[in-house]
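In what follows, chains are A, B, ... by sequence order, proteins preceding strands, each numbered from 1. Fair warning: this is a prediction, and the values are worked out from it, not measured in the lab. Quick note: numbers below take in every heavy atom, side chains included, and nothing from hydrogens, waters or symmetry partners.
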Amino acid sequence: MNEQVNLQRIQRQAGLCLRRVSKSFGSVEVIRDVDLDIEGGEFVVFVGPSGCGKSTLLRLIAGLEEVTSGDVLIAGKDVTEEDPSDRGIAMVFQTYALYPHMTVAQNMGFGLKVAGRSKTEVEEKVGQAADVLQLNDYLDRRPGQLSGGQRQRVAIGRAIVRDPDVFLFDEPLSNLDAELRVDMRIEIARLHQKLGNTMIYVTHDQTEAMTLADKIVVLRAGRIEQVGSPSTLYDDPDNMFVGGFIGSPKMNFMDGVMRQNGVEVAGVILQTRPITNRPADGTPVHVGIRPEHWRLAEEGKTAVPFKVGFSEFLGGASYLYGTIGEKSCTVNVEREAISERGSVLNLMADADHICLFDQNERRIR
Amino acid sequence: MNAVTFSDQAMAASAAPTQRKGRLRYHTLIFHATSVLVALLFLAPLVWVVLSSFRSPAESTQPPIPPWPMDGFSISSYDRLENFGQSVLHYSGNSLFVAVGTSMLTIVVSLLAGYGFSRYRFPLKGLAFVLILSTMMIPFQSILTPLFLLLAKMGLQNTLIGLVFIYTTLQLPFSVFMMRNAFDAVPKEIEEAARMDGVKGWRMLVQVMGPLVLPGVVTVGLFAFLNAWNEFLAALVLLTDQSKFTLPVLMTAVQHGRYGSVDWGAVQAGVTLMMIPCMILFLILQRSYIRGLTAGAVK
Ligand SMILES: Nc1ncnc2c1ncn2[C@@H]1O[C@H](COP(=O)(O)OP(=O)(O)OP(=O)(O)O)[C@@H](O)[C@H]1O
Ligand SMILES: [Mg+2]
């Protein structure tokens with residue numbers, strides 16, 4: 001019986017497909033020519049700076065906004081012209097958007113009631129969702145009598161009850177305090193494992209994006225900058241924007257010049273990994289190195305001089321903020337290496353982890 | 001020895017906490033005194049009316065100074081009111097019909113208009129809204145004659161329905177404004193969540209938005225009821241048939257005593273009766289009404 005249910009779920013996992021989707025508000029183009037393929041069962045996270053169009057893209061998928069041009073396909077079916085309720089989706093809003101005048105149970109069952117399902121079926125579905133989210137004790141309360149975390153669970157419950165192909169989350173945790181956010185994050189990850197549905201999740205929280213996502217979509221000014229797994233984006237960014245946006249603290253960018261046996265930074269030659277489209281020697285480039293990829297150089301070897309500004313000790317990790325040449329730079333070091341302001345450390349970086357970008361900020365591979 | 005001192009200290013710490021009696025502040029005193037004074041000022045006319053309605057027939061032709069009955073309580077004023085024309089119940093029925101009709105019609109129209117102005121985009125929306133509001137600046141007495149002619153053309157002169165239309169028209173600018181604010185105070189996401197749940201059309205207004213703007217509806221309805229209940233001039237001009245009179249018009253008719261004297265007693269009795277439904281309504285709806293006026297202050 002249970003296996004049957006699982007089988008059904010797996011067969012039903014529906015993918016999602018955006019074909020050249022654009023959206024303008026008046027003369028302002030907010031989403032520009034977005035192509036995106038999401039496979040059934042994937043957990044996809046949209047990230048990007050504020051105002052880049054994450055919410056708008058999600059609302060286009062939901063059908064709350066109409067696309068200006070392009071197609072939206074869910075489970076292989078063109079739903080561009082369909083109503084939100086006919087798309088097989090459910091959405092969880094940042095502000096929860098619960099119906100204040102209904103109890104928790106009524107909130108969760110309202111969609112089914114509107115769809116004309118029988119009372120027993122509604123009760124059964126609501127009961128199941130309440131079990132999953134541990135809301136059984138609160139079914140008779142109103143949203144106003146719940147804590148923020150409980151409200152968020154009710155909002156998720158309302159989505160589960162509709163049994164959608166695709167779940168949409170718009171920054172669902174940003175109204176919660178830090179501790180609760182971690183709990184709810186784990187709960188959402190567990191939910192995804194359990195239900196196996198496709199989920200699309202908007203956030204500007206690095207940790208949420210990295211921990212939850214099978215696939216991260218980085219947006220900037222209405223365009224997709226890069227799509228990939230968290231580790232791909234982290235190790236192998238397509239451009240300086242993605243390199244700088246993913247990872248915290250940020251990737252360090254320095255000016256460098258191509259040399260025969262590597263790249264010259266602050267007068268020192270750093271080895272790089274083999275590059276296919278290698279620019280000519282003497283070409284200026286941007287050199288990206290993450291804080292944790294710096295290490296103290298062995299005595300006597302050539303090394304980049306790093307002038308310490310100040311340090312941060314965070315328990316597990318320690319960061320030194322300072323300068324290399326003129327450029328500011330952050331370095332993750334062992335706690336023994338924490339040094340006084342003004343002292344100079346000799347650093348080296350692994351060839352494997354050095355990313356080079358051209359003057360258009362595109363990756364040189 | 002040591003143990004004793006420790007326990008002494010413990011005793012001192014656990015002794016009753018210092019009692020604080022709340023300091024007497026002069027401004028709280030002044031505040032309360034002023035409040036009582038203002039409350040009395042507001043109450044005085046009501047008390048005056050109620051007291052003088054119980055004066056005897058002989059007294060009731062005199063202006064009610066002092067207001068209280070001098071030679072014993074009597075309900076003769078109420079008798080005279082009751083025996084004027086048809087029964088006072090009949091006129092109350094007229095008033096009730098007009099007031100309830102006005103508030104119902106106002107609620108329906110302003111609910112729809114407020115929803116439209118709050119949630120839909122259409123050409124000249126801003127201008128239309130300002131125009132509706134600006135009609136509040138026209139004193140309606142100045143357009144009474146054209147209104148009367150219009151109603152006569154429609155065959156609605158001397159009918160209570162015609163009066164309901166006029167009152168609703170006068171009530172709408174304020175009501176549409178109130179309802180638009182009430183709808184504006186409802187977060188868009190709730191409506192979007194409902195759209196996700198498959199709610200459409202009337203259902204959205206009745207099952208989702210309705211309960212959320214209920215305080216606004218109550219406020220609008222109450223204002224319409226009270227204004228229609230108390231309105232005098234339009235009713236006087238439009239109603240010629242004595243059996244159609246509403247209570248305020250009845251008051252003027254009833255006050256003419258014998259030989260041109262004023263029957264103060266009957267008027268006071270009528271006013272007392274007129275106040276009762278308003279008070280009951282206000283007391284019942286008080287909570288939602290007050291919330292309605294502060295709608296939007298709290299999410
Ligand atoms: N209804 C609208 N009318 C006009 N412009 C809009 C509308 N909704 C969004 N925009 C604009 O579209 C752009 C993208 O908005 P969107 O809400 O998608 O950003 P976001 O990436 O979700 O940002 P945030 O992280 O702050 O939530 C913004 O510049 C915003 O001003
Ligand atoms: Mg957003």
Side-chain angles (χ1 to χ4, degrees), chain A residues 25-26 55 58-66 82-103 106-117 122 142-144 151 154-164 166-172 175, chain B residues 107 111 114-115 118-127 179 181-221 285 287-299:
Chain A
F25 289 110
S55 300
L58 198 71
R59 293 163 58 82
L60 288 174
I61 295 171
L64 292 172
E65 304 279 359
E66 284 172 25
E82 304 248 0
D83 276 333
S85 53
D86 301 334
R87 293 188 175 200
I89 44 147
M91 185 157 169
V92 177
F93 295 84
Q94 179 178 354
T95 52
Y96 319 137
L98 300 175
Y99 310 120
H101 58 292
M102 297 186 198
T103 65
Q106 286 168 337
N107 259 288
M108 295 205 283
F110 189 57
L112 295 181
K113 195 178 138 200
V114 171
R117 306 294 181 78
V122 174
R142 303 238 165 159
R151 280 181 215 182
V154 176
I156 295 173
R158 183 168 64 180
I160 294 178
V161 165
R162 300 198 57 225
D163 203 8
V166 182
F167 277 100
L168 307 175
F169 296 91
D170 191 358
E171 307 203 22
N175 280 358
Chain B
I107 285 173
L111 197 69
Y115 188 52
S118 171
R119 287 297 198 262
Y120 290 91
R121 283 204 221 167
F122 49 88
L124 302 182
K125 173 171 149 178
L127 184 70
M179 287 319 296
N181 285 356
F183 278 110
D184 278 352
V186 177
K188 281 213 167 63
E189 284 90 350
I190 290 185
E191 213 178 340
E192 289 173 347
R195 273 174 72 193
M196 291 268 165
D197 273 341
V199 184
K200 283 171 203 153
W202 282 100
R203 205 164 188 158
M204 178 73 84
L205 195 58
V206 175
Q207 290 193 349
V208 178
M209 299 302 274
L212 300 180
V213 296
L214 196 63
V217 170
V218 169
T219 310
V220 162
L285 297 176
R287 279 192 53 181
S288 338
Y289 163 76
I290 286 165
R291 254 177 56 211
L293 285 182
T294 58
V298 189
K299 264 215 166 157

Would one find more than 12 heavy atoms of other residues, nucleotides or ligands at under 6.0 Å from atom OH of B/Tyr120?
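Counting neighbours around OH of B/Tyr120, 12 or fewer heavy atoms of other residues, nucleotides or ligands fall under 6.0 Å, so no.
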Whether over 12 other heavy atoms sit under 6.0 Å from B/Lys125 NZ:
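Above 12, so yes.
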Out of A/Lys113, A/Arg158, A/His101, which one racks up the most heavy-atom pairs below 4.5 Å with chain B?
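Top option by heavy-atom pairs under 4.5 Å: A/His101.
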Hey, does the side chain of A/Arg162 reach the backbone of B/Met196 with a donor-acceptor pair shorter than 3.5 angstrom?
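Answer holds: yes.
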Ignoring hydrogens, what is the shortest heavy-atom contact between [X] and [Y]? Give both atom names and the distance.
X	Y	answer
A/Met102	B/Gln207	CE-O, 4.3 Å
A/Val114	B/Val199	CG2-CG2, 3.7 Å
A/Ala97	B/Ala193	O-CB, 3.8 Å
A/Ser85	B/Gly198	CB-CA, 3.2 Å

Nearest-0.5 Å distance, [atom1] of residue [X] to [atom2] of residue [Y]:
X	Y	atom1	atom2	result
A/Thr95	B/Glu192	OG1	CD	9.0 Å
A/Tyr99	B/Glu191	OH	CD	10.5 Å
B/Ile190	A/Leu98	CD1	CG	8.0 Å

Test side chain to side chain contact (heavy atoms under 4.5 Å, CB included) on B/Lys200 and A/Asp83 and set out the steps.
CA-CA 10 Å; B/Lys200 283 171 203 153; A/Asp83 276 333; 3.2 Å; yes
For A/Ala159, is it the side chain, the backbone, both or neither that has a heavy atom under 4.5 Å from a heavy atom of chain B?
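It is neither, since no heavy atom gets under 4.5 Å.
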Which answer fits A/Arg87, side chain, backbone, both or neither, if we ask what part of it has an atom under 4.5 Å from a heavy atom of chain B?
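No part of it gets close to chain B.
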